[in-house]
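Some notes on the structure that comes next.
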Amino acid sequence: MFKKSIKSLMANNNHTLEILNVLKEASLSGSILDASKKLNVSNKQFIKVESNNIKKLVNKESSECSNNVTIKFQRMLRSNLPDTIIKYSFFNDSVFGPGLIASTDSGVCFLGFDETANANTSSILYKDLTKRYFEAACFQEESTKIHLQIIDYLKFEEKNKDIDITVNILGTDFQFEVWKELTRIPKNKLTTYSKIGINIAKPKSFRAIGTTIGKNPIAYFIPCHRVISADGNIGNFRWGSNVKMAMIGWESLN
DNA sequence: ACCAACGCCGTAA
DNA sequence: TTACGGCGTTGGT
């Protein structure tokens with residue numbers, strides 16, 4: 001169904017709204033990630049969004065659309081990690097594809113996606129988790145309540161559902177400052193790396209902000225996908241531009 | 001403690 | 001498109 005639309009997009013010079021229409025069609029058939037993959041893989045242009053439309057999104061007045069996600073930050077100390085147990089679960093059926101979620105007794109410590117549908121212990125996700133918290137003991141545990149709740153949420157079967165999540169993560173002062181700032185970006189709005197810098201009173205730190213956002217341990221809920229390049233390109237994304245595009249597209253529709 | 005290298009950048013040419 | 005400045009973090013001495 002959306003294959004046809006994608007072809008016509010390739011013929012024209014596609015713009016954001018057209019891309020989003022394709023994503024919309026795709027989401028109706030339950031495969032927004034597949035559509036994003038096709039958009040991205042077939043033509044690099046498809047991840048470049050047209051400047052007027054992106055301007056609209058970036059400069060959109062907040063917040064006619066409020067967040068329905070509330071994040072509480074619980075700081076993890078590296079020195080406690082040897083005594084920490086981390087439980088992790090793989091999942092396969094979120095709107096944004098397969099992924100990995102992990103938590104300690106105090107909160108969620110990791111959430112990532114893998115567009116290559118390779119969510120298992122040989123995946124980049126598992127390597128990231130175990131490298132990040134290498135001192136801790138990690139166990140696979142599929143029935144962890146918070147995991148089930150979040151995996152269920154990521155199917156988005158219920159519209160505009162509220163959710164509160166406590167995250168228990170490792171980071172420097174600067175990193176926490178940046179990640180907290182991300183949670184202040186309203187849903188359905190985009191911003192840029194440099195604007196984040198201005199907001200945290202470090203206007204020249206945009207390069208470091210990119211690095212920090214790339215280390216965001218909790219994908220989607222700490223919404224690093226809402227940050228794009230100042231030139232209107234969608235920018236990079238640790239879990240792949242396809243997933244980023246899918247998230248932006250999804251939020252613009254919901 | 002020091003320094004080099006790196007990364008979801010920005011912008012000038 | 002390319003090049004380079006600038007900024008925190010990291011991993012090597």
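Just so it is clear: chains get the letters A, B, ... in the order the sequence lines come, proteins before strands, and each one is counted from 1.
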- Rounded to the nearest Å, what distance is computed from the OH atom of residue A:Tyr193 to the C1' atom of nucleotide B:dC9? 8 Å
- Task: Let me know the distance between CD1 of A:Ile198 and C1' of B:dG10, rounded to the nearest Å.
- Result: 12 Å
- Residues which pass ring-ring contact (aromatic ring centres under 6.0 Å, His included) with A:Tyr88, listed by chain and number, not counting sequence neighbours: A:Phe90, A:Tyr126
- Looking only at side chains, do A:Asn168 and A:Thr104 share a donor and an acceptor under 3.5 Å apart? yes
Under 3.5 Å, which N/O atoms of the protein pair with N/O atoms of nucleotides 11-13 of chain B?
none

- Item | Remaining members of the apolar cluster that contains A:Ile85, side-chain heavy atoms under 4.5 Å | A:Phe139
- Query: B:dC8 P sits how many Å from A:Leu190 CG, rounded?
  - Reply: 19 Å
- Partners meeting salt bridge (charged side-chain N to carboxylate O under 4.0 Å, His left out) with A:Arg132 (sequence neighbours left out): A:Asp128
- Task: Without swapping roles, check the side chain of A:Thr144 against the backbone of A:His147 for a donor-acceptor pair under 3.5 Å.
- Result: no
- Query: Looking at residues at least two apart in the chain, or sitting in another chain, which of them share a salt bridge (charged side-chain N to carboxylate O under 4.0 Å, His left out) with A:Lys204?
  - Reply: none
- Query: Is the distance from OP1 or OP2 of B:dG7 to the nearest side-chain N or O of A:Asn236 less than 4.0 Å?
  - Reply: no
- Residues at least two apart in sequence or cross-chain that pass side chain to side chain donor-acceptor pair (under 3.5 Å) with A:Glu142, listed by chain then number, are A:Gln140
- Query: Given the rule that a pair is Watson-Crick or G-U wobble with both distances under 3.5 Å, how would you write DNA chain B in dot-bracket, using | for pairs to a different strand?
  - Reply: |||||||.|||||
- Message: Across nucleotides 3-13 of chain C, 5' to 3', mark each nucleotide with B, S or - according to how protein heavy atoms within less than 4.0 Å reach it.
- Response: --BBBSSS---
- Query: Whole-Å distance between B:dC8 P and A:Asp128 CG?
  - Reply: 11 Å
- Query: With sequence neighbours excluded, what pairs up with A:Tyr193 under the ring-ring contact (aromatic ring centres under 6.0 Å, His included) test?
  - Reply: none
- Task: Please list, chain by chain and in numerical order, all residues satisfying salt bridge (charged side-chain N to carboxylate O under 4.0 Å, His left out) with A:Lys127, sequence neighbours excluded.
- Result: none
- Message: Could you work out, with salt bridge (charged side-chain N to carboxylate O under 4.0 Å, His left out) as the rule, every residue matching A:Asp162, not counting sequence neighbours?
- Response: none
- Go through the structure and list residues passing side chain to side chain donor-acceptor pair (under 3.5 Å) with A:Gln149, not counting sequence neighbours. none
